[in-house]
S.K.: 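Here's a structure for you.
These figures come from a predicted structure and were not determined experimentally. By convention in this document, chain letters (A, B, ...) are assigned in the order of the sequence lines, proteins followed by strands, and residues within each chain are numbered from 1.
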Amino acid sequence: MSSTEQGTSSAAPAEPTTAPESAAAPEVPESFYYVHGKDKVVHKVSAGALQHSALIHGMISNLGYTEEQAKANPFPFENIDGDILQMVVDWCNQHKGKPTPPEDTNLPKQKEKLFDLVLAVNYLEIKELLTYCCKQVAMMVKGKSPEEIREIWMIPTDAEDEAAEKEAKKRAGKEAAGETAAAAGDAK
Amino acid sequence: MPPRFPLNRLPILVYEDVLKLLDTQEHFNLARTSKKSCTAVEKILTIYFPRQYKMKCVLTAAGGLIIKLSDASSQVEFETFSFYTQCINTVVKLFKISSCAELDLQDIFANDKKIIDAMKEAGCEISKVVMWEKPSEKTNPETMLNVLRNIPEVSIQKMNYVKVIPKPIIRPFEFKDLDIRYGKWISIKHLTETFIDCQRLHLEKSVLSDAEIKSFLKRWIEGSKMRFLCIEYSQFNLKQIIGENSFPKHFSATDLVGRVEIKNGAGISYTHRMTEGQCYIIKQKKRGPSAVVYQNDDKLFLSTEFKRSRY
């Protein structure tokens, strides 16, 4: 397994060095966790950044890992492509401890990745990012005609829907028949 | 080519989140892409954006159908030049429209009829139709009115047929409100038979003689559902029609002089000071209502809603 520590990249906001609050109260060292996607590339992410994800936040709260344990056991997200996970981690780092603005300019601009990003964000339960992604999806059809919407959102026609439904029924029928035959074979 | 996004492959809750972010126009356009999309949009609108829109439609002379929806806080317009039926169906289904408050028809009669049929098919009642016949057409008025038969309020603003139809072949109408601005084709038979049970009738440019009006009033006294009539024609002589010795004795007609408050059948009241020979009261048989018949500003009126004023 390869390992890159990208969570502390330059995109992350710099830590304040002489903030008056930090002078008054002793700073608690930030804990880090590790995640990897389908490509097995491990990303180091702070607990603060990971708070955006309800799924990971829940996992962290239940585990109580030490830094070493966390490093040895990165959270595996095999269903998320490496580059998509990278986008999500970057976004979480950029928005660590900050109130999320109503319009986000830091969203990934590649529209072709948007679908995978939405699925990943939905899976990781990052509510604010999901809202931004949904806004981007909605914006795709601004001022478009029904035909253009069909094209952009790849919506099948009624005839295509009917054909797909028939096909699904046929397949389900065949599968049911196969299962019955297998059960009969087992009984013998 | 614009980027593509497989919306239908999204998890259902995310799919619904996207739909929640669309505006009314976008909801309408998405609903028109497929039956499945229409059902999905309908669900979102019902749950998250329930509204009680009032609908008005215009079919323009150029063939564009404009559907206007409005409620207390918002207004939205959809326009299409094709697929009228599909469009009307979608709007009625999506926004749960049960009636069209006003339908303004300005296109060729065949297209006007298509819209009326599409509304009926979609289960949307039409409360009022305003019709403007195109200069290039000359539809038989009875054919036109027959298409509008079950609509309570009908206003024919433009009609090119001018030849009098002496013998109507159409069965009687019972419009709540019928307004015909180009009524040259109307004969006395229309008044005494075809329109006798219309509650409110307004005719312009109809040419009728005193004798014909007299026969109409006699017919009204025999029994009619008509509660208000206005004929815009200046040549009548009311004294000759209804005055002393001109009306048979067995019909009751009383001259009314003084101030009278009269409603126009649409709830609006006017007060008139009647002079001798200007206004008469007639009464329907079989305990029917009374009505004032009077002339004012080159118009002849009949109204069952009137009140004599003391001052």
S.K.: Return yes if some donor-acceptor pair links the side-chain N/O of B:Arg4 with the main-chain N/O of A:Glu151 below 3.5 Å, else return no.
M.R.: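 Indeed, once roles are kept as given, a pair shorter than 3.5 Å links the two residues.
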S.K.: If you define the side chain from C-beta out and look only at heavy atoms, does anything of B:Tyr15 sit under 4.5 Å from A:Val137?
M.R.: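 They are not in contact (no side-chain heavy atoms under 4.5 Å apart), so the answer is no.
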S.K.: Any chance NZ of B:Lys20 has more than 12 other-residue heavy atoms, nucleotides or ligands included, within less than 6.0 Å?
M.R.: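 Check passes, neighbour count above 12.
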S.K.: Evaluate whether atom CD of B:Gln52 has more than 12 neighbouring non-hydrogen atoms of other residues, nucleotides or ligands under 6.0 angstrom away.
M.R.: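 No, CD of B:Gln52 has 12 or fewer neighbouring heavy atoms, counting only those of other groups under 6.0 Å.
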S.K.: Should A:Asp158 and B:Lys36 count as an ion pair when the cut-off is N to O under 4.0 Å?
M.R.: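 No, A:Asp158 and B:Lys36 are not salt-bridged.
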S.K.: Just verifying a value: how many Å separate B:Asn29 CG and A:Arg150 CZ, rounded to the nearest 0.5 Å?
M.R.: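 The CG atom of B:Asn29 sits 11.5 Å away from the CZ atom of A:Arg150.
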S.K.: A:Thr131 vs B:Asp17, test: side chain to side chain contact (heavy atoms under 4.5 Å, CB included). Steps then yes/no.
M.R.: CA-CA 8 Å; A:Thr131 304; B:Asp17 279 349; over 6 Å; no
S.K.: With a sphere of 6.0 Å drawn around NZ of B:Lys138, does it hold more than 12 non-hydrogen atoms of other residues, nucleotides or ligands?
M.R.: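 No, because the 6.0 Å sphere around NZ of B:Lys138 holds 12 heavy atoms or fewer from other groups.
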S.K.: CD of B:Glu125: more than 12 outside heavy atoms within 6.0 angstrom?
M.R.: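 Check fails, neighbour count at 12 or below.
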S.K.: If I take atom CD from residue B:Gln25 and atom NZ from residue A:Lys144, how far apart are they, to the nearest 0.5 angstrom?
M.R.: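 Atom-to-atom, B:Gln25:CD and A:Lys144:NZ are 14.0 Å apart.
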S.K.: Any chance you could measure B:Phe5, atom CZ, to A:Ile152, atom CD1, to the nearest 0.5 Å?
M.R.: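 So the gap between those two atoms works out to 12.0 Å.
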S.K.: Taking atom CD1 as the centre, does B:Ile47 end up with more than 12 heavy-atom neighbours from other residues, nucleotides or ligands that are less than 6.0 angstrom away?
M.R.: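 Atom CD1 in B:Ile47 is packed in, count exceeds 12.
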S.K.: Rounded to the nearest 0.5 Å, how far does CG of B:Leu13 lie from CG of A:Leu130?
M.R.: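 Interatomic distance, A:Leu130 CG to B:Leu13 CG, rounded to 0.5 Å: 9.5 Å.
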S.K.: Indicate the atoms forming the closest heavy-atom contact of A:Pro156 with B:Ser34, along with that distance.
M.R.: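 So the two residues come closest at O-CB, 3.6 Å.
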S.K.: What pair of heavy atoms forms the shortest contact from A:Leu119 to B:Leu10, and how long is it?
M.R.: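 Closest pair (atom of A:Leu119, atom of B:Leu10, distance): CD2-CD2, 4.5 Å.
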S.K.: Just so I know, are the side chains of B:Pro6 and A:Phe115 near enough to count as touching, which here means a heavy-atom distance under 4.5 Å?
M.R.: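 Sidechains of A:Phe115 and B:Pro6: in contact.
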S.K.: Is it true that atom NZ of B:Lys134 has more than 12 heavy atoms of other residues, nucleotides or ligands lying nearer than 6.0 Å?
M.R.: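 Yes, because the 6.0 Å sphere around NZ of B:Lys134 holds more than 12 heavy atoms from other groups.
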S.K.: Within the 4.5 Å heavy-atom criterion, are A:Val141 and B:Leu22 side-chain neighbours or not?
M.R.: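 Result yes, sub-4.5 Å side-chain heavy-atom pair found.
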S.K.: Can you tell me how far CG of B:Asn8 sits from CG of A:Asp161, rounded to the nearest 0.5 angstrom?
M.R.: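 Those atoms lie 7.0 Å apart.
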S.K.: May I ask you to check whether over 12 heavy atoms, not counting those of B:Lys96, lie within 6.0 Å of atom NZ?
M.R.: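 Counting other residues, nucleotides and ligands, NZ of B:Lys96 exceeds 12 neighbours.
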S.K.: Can you confirm whether more than 12 heavy atoms, excluding those of B:Phe83, are under 6.0 Å from its CZ atom?
M.R.: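 No, because the 6.0 Å sphere around CZ of B:Phe83 holds 12 heavy atoms or fewer from other groups.
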S.K.: In Å, rounded to the nearest 0.5 Å, how long is the span from CD1 of A:Ile155 to CZ of B:Arg32?
M.R.: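 The distance works out to 13.0 Å.
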S.K.: Test B:Leu21 against A:Met139 for side chain to side chain contact (heavy atoms under 4.5 Å, CB included), laying out the working first.
M.R.: CA-CA 9 Å; B:Leu21 293 166; A:Met139 284 298 288; over 6 Å; no
